[in-house]
4 protein chains.
Amino acid sequence: MKGELQPTRHRTDLTVRYAETDRMGVVYYSNYFIWFEVARTDHLKSKGISYKELEEKNGLYLMVVESFARYKAPATYDDKVTVESWVSSVKNASFSFEYNVYLGDKIIAEGRTAHVLTDNSRRPVKLPEFIRKRILP
Amino acid sequence: MKGELQPTRHRTDLTVRYAETDRMGVVYYSNYFIWFEVARTDHLKSKGISYKELEEKNGLYLMVVESFARYKAPATYDDKVTVESWVSSVKNASFSFEYNVYLGDKIIAEGRTAHVLTDNSRRPVKLPEFIRKRILP
Amino acid sequence: MKGELQPTRHRTDLTVRYAETDRMGVVYYSNYFIWFEVARTDHLKSKGISYKELEEKNGLYLMVVESFARYKAPATYDDKVTVESWVSSVKNASFSFEYNVYLGDKIIAEGRTAHVLTDNSRRPVKLPEFIRKRILP
Amino acid sequence: MKGELQPTRHRTDLTVRYAETDRMGVVYYSNYFIWFEVARTDHLKSKGISYKELEEKNGLYLMVVESFARYKAPATYDDKVTVESWVSSVKNASFSFEYNVYLGDKIIAEGRTAHVLTDNSRRPVKLPEFIRKRILP
């Protein structure tokens, strides 16, 4: 996280689906990355950016180049979890999101995803100003 | 199934993934439809049809218009299952697959999917002869 | 659907996840069954039944024995869809749900799932009165 | 990776499922973690450890505590990919796997998962000797 400017944090509420659990009785580990994606979509919307339009109108694609999660405690079916998300770094053609997953007031998982913006030929493109200024902390 | 001509049956072997189980300890019900898709791809390949090329070279898409499954016994993590698939009907612009899922020599699930062939604007197209003659029983 | 008594219909709103789409650009067909499950959980809750508690406190499990979907029009990423669900039949140890999936005011998919109630050894059990009276139309 | 002892590397072949792709036309990022799990199961088996039996007979569970992936190039439907896996560190009650995902002879993704062994009450347990000696490089 940055020193002086605090990034805006967005909260996304989810209810754990039966499909997301595994035979251990808890949420299967890859599903947290799906929640991170839901949180990203939501986060960008809260800043006036529709990622769907970005793809369909601007021909811009947000590639995931890295993903990370740390699991601290399990969640299970029908649990209400909240994914807190914030933009943790912004560079020329890339940026990162970080996430906390809460169950009640306890953080049960943390994560990070790094993204590159590309055109529809998968060539990285410089972040357009209308995106940069909205996601900057 | 047809009277005189027996459709060719193709067998696809799968090992149940941990991700495919749920908190009941068994394979979550929607995952059988993913197995059916794997079996379809495999079945068509065994008849010389690459569905990937159909999309990429011929601009043809196999839309699913109906899907059905009956679950008779559960499967769980690391089970070896076999999906038997056959083309059960062929019409002008559509056809159906049927499936049996075996665990050992026991049928644990049965299914059916109905498909329409379309161009890339989602308009139904007549089955091209090179497809029809290969999938006909 | 039944003649005289109209079953209560419950509506569940969902936003399509990127993860739920496939390379055809639309929601992959098996994911509708996950939505049906979300709708079931929601529907039962609206009638005072927590399926989670049913499993954890009563040792009762709702097995899916049949599932069916008909796909009429596609949905894609970030679409707001609504799953309407109702109990369409109730028998001694089993019952069925039916579903309509709306995109705007258009039904894009219909479905049905049949369920058997079991104990934790997978033996069918008679529907307890507190469940039966709540789910009856 | 370790200095002197080279860990055994196991290779697991997979064919990309249609279900695993997303509307960008490529494999959705969370699915790599499912492949890592398939590779782990496979890797352990190649060393004489059935993870299924570990759970069912020994009451031991392999919790994922961290997961990481770096995506370098995309894969799409029907691609044949190979997941190479190796045990990269072994501690008292935990160990890590690393992964390379190949498409042809090109590494398209790399990953790492960290695990803790627990009993069925989620309490960490010391790696039993029969596991330790088999997974050590």
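Proteins get letters first, then strands, A, B, ... in listed order; numbering begins at 1 in each. All values reported here derive from a predicted model rather than from experimental measurement. The basis for the numbers below is simple: all heavy atoms, side chains too, and nothing from hydrogens, waters or symmetry mates.
Residues D:K52 and B:T76 are in side-chain contact: their nearest non-hydrogen atoms beyond the backbone lie under 4.5 Å apart.
For the pairing with D:T41, the side chain to side chain contact (heavy atoms under 4.5 Å, CB included) check across B:V16, B:T15, B:D78 returns one residue only, B:D78.
In this structure, chain B has no heavy atom under 4.5 Å from any part of D:N31. At a 4.5 Å heavy-atom cutoff, D:F33 makes no contact with chain B through either its backbone or its side chain. Of the two parts of B:D79, the backbone and the side chain both hold a non-hydrogen atom closer than 4.5 Å to a non-hydrogen atom of chain D.
Using modelled atom types, no side-chain atom of B:E37 and backbone atom of D:R17 make a donor-acceptor pair closer than 3.5 Å.
We find the CD-OH distance between B:E55 and D:Y77 to be 7.0 Å, quoted to the nearest 0.5 Å.
At most 12 non-hydrogen atoms from other residues, nucleotides or ligands lie less than 6.0 angstrom from NZ of B:K91.
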